[in-house]
Amino acid sequence: MKIEKILLLAVTSIICLTINAQTSVDKDYTPQKGDITLAATVGYNSYTSITAPSGLLTDYELAAISTNWSDKKLMVGFESGWFFRDTWKLNLGGGINFTNSPGYTAVPGTIDEDSEIGDGSIPNYRAVADSYSFSYNVFTGIDKYYKIKSIPNLMMYGGIRIGFAYGLNEMKYDEPESMGKSDAETWNLRGGLTFGLDYFLAKGIYVGCQVDPFSYTYNMTSVKPQEGLSDLSADSHNYSIMSAPTIKIGFKF
């Protein structure tokens, strides 16, 4: 299901809930100063990852990693918030990943210039790279909330977001022809404006949706195929309007 359909479903659900609640809600569940929120989000995620190239090629080319939000897969994320005033919330979120893959030495076969597969020869098994990948993303922001008097417990908000994402991959083969360690890294710096709606279903639970009216992302991507070489780098600038639609369900403490 495309994210636009998910967002439409979320908005429709919120509207239905608020219409049904208008005649029955007599309690104010909206946040107060000191409240803390924790929400699961479905939508755009600013993570980034990259794979180190082989060190045995004769030519290398590189393009910056795409930062177009519509190129990203649908992701589940988390967001925390703190209402330092009744209608002002500070947001913080992110995540971290680390993967280590142990290497294995090559297993030589019996293939030589006079041999062919099928005549009893044994193929060569190339070494498995000793590698690791590390990535993380963090973001923070601030939102100003506004009550909608005609619809109890529904609030709209506007705010700003800034975030940073980083990815690194290093690989090394234990074999004679290997030219040492190869690595690649990429990072994104993102800033944007945010607009959204939160509906507080009960004292401790809410649902919401948001979109970024405008955002800007800068990306830098670099690879080093062999030790001793300089980096091969590429960068990009992305400008988006009405981007990164997101839905969320959260808890208020």
Side-chain angles (χ1 to χ4, degrees), residues 3 39-55 57 59-81 90-103 129-143 159-173 179-194 210-246 248:
I3 192 169
T41 63
V42 180
Y44 171 85
N45 189 300
S46 62
Y47 82 99
T48 186
S49 64
I50 193 170
T51 301
S54 167
L57 303 180
D59 298 277
Y60 292 91
E61 61 179 350
L62 181 67
I65 300 295
S66 173
T67 54
N68 185 344
W69 70 271
S70 61
D71 290 340
K72 303 291 185 180
K73 295 180 180 179
L74 195 64
M75 296 287 295
V76 175
F78 295 93
E79 178 184 275
S80 61
L90 179 66
N91 296 286
L92 180 66
I96 186 170
N97 290 284
F98 178 80
T99 301
N100 178 60
S101 300
D130 183 2
S131 67
Y132 78 90
S133 298
F134 173 68
S135 63
Y136 69 88
N137 70 87
V138 293
F139 72 87
T140 187
I142 188 170
D143 295 327
I160 59 174
R161 295 284 189 280
I162 57 173
F164 182 81
Y166 176 81
L168 170 68
N169 178 236
E170 293 189 352
M171 303 177 65
K172 184 176 182 179
Y173 289 91
M179 301 298 291
K181 179 182 67 175
S182 63
D183 60 53
E185 64 178 346
T186 180
W187 55 269
N188 297 336
L189 181 62
R190 185 176 189 270
L193 305 176
T194 298
Q210 69 181 42
V211 68
D212 293 349
F214 175 80
S215 64
Y216 165 76
T217 305
Y218 176 77
N219 172 263
M220 171 63 75
T221 301
S222 301
V223 299
K224 184 182 294 185
Q226 302 173 13
E227 293 187 61
L229 296 180
S230 59
D231 288 341
L232 173 61
S233 301
D235 61 351
S236 67
H237 304 266
N238 174 265
Y239 305 88
S240 297
I241 297 176
M242 300 305 289
S243 64
T246 303
K248 56 186 176 180

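- Of the inter-residue distances, the one linking S80 atom OG with N91 atom CG reads 7.5 Å to the nearest 0.5 angstrom.
- Between the CG atom of L232 and the CG atom of L62 there is a distance of 5.0 Å, given to the nearest 0.5 Å.
- The environment of K172 atom NZ is sparse: at most 12 non-hydrogen atoms of other residues, nucleotides or ligands sit within 6.0 angstrom.
- With sequence neighbours left out, the side chain to side chain donor-acceptor pair (under 3.5 Å) criterion links D183 to no other residue.
- Side-chain contact check for T217 and N219: no donor-acceptor pair (N or O, by modelled atom type) lies under 3.5 Å.
- Taking each heavy atom of T140 and L90 in turn, the nearest pair found is OG1-CD1, 4.1 Å.
- In this model, no donor atom of one side chain and acceptor atom of the other lie less than 3.5 Å apart for N97 and S133.
- No side-chain donor-acceptor contact under 3.5 Å links E79 to the backbone of A39.
- How far OG1 of T48 is from CE of M220: 13.0 Å, rounded to the nearest 0.5 Å.
- Remark: F134 CZ to T99 OG1 distance equals 11.0 Å, nearest 0.5 Å.
- Rounding to the nearest 0.5 Å gives a distance of 9.0 Å between OG of S49 and CG of N169.
- Partners of P53 under the side-chain contact (heavy atoms from CB on, under 4.5 Å) rule, at least two apart in sequence or in another chain, are Y60, A184, V223, P225.
- The salt bridge (charged side-chain N to carboxylate O under 4.0 Å, His left out) check on E185 picks up nothing, with sequence neighbours excluded.
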Sequence neighbours left out, cut at 3.5 Å: what donor-acceptor pairs do the side chains of residues 233-244 make with other protein atoms?
residue	atom	partner	partner atom	Å
S233	OG	S222	OG	2.8
D235	OD2	Y218	OH	2.8
H237	ND1	Y216	OH	2.7
N238	OD1	S240	OG	2.9
S243	OG	S215	OG	3.2

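- Every residue two or more places apart in sequence or in another chain that forms a side-chain contact (heavy atoms from CB on, under 4.5 Å) with S182 is listed here: A52, M171.
- Taking all atoms of both residues into account, the shortest heavy-atom contact from N100 to Y132 is OD1-CB, 4.0 Å.
- A parallel orientation is assigned to the rings of Y166 and F164, their planes being inclined by less than 30° (bins at 30° and 60°).
- The two residues V42 and V76 come nearest to each other via the heavy atoms CG2-CG2, 4.4 Å.
- To the nearest 0.5 Å, atom OG1 of residue T221 and atom CD1 of residue I50 are 5.0 Å apart.
- Take T194 and apply the side-chain contact (heavy atoms from CB on, under 4.5 Å) test, not counting sequence neighbours, and it matches Y157, R161, Q210, D212.
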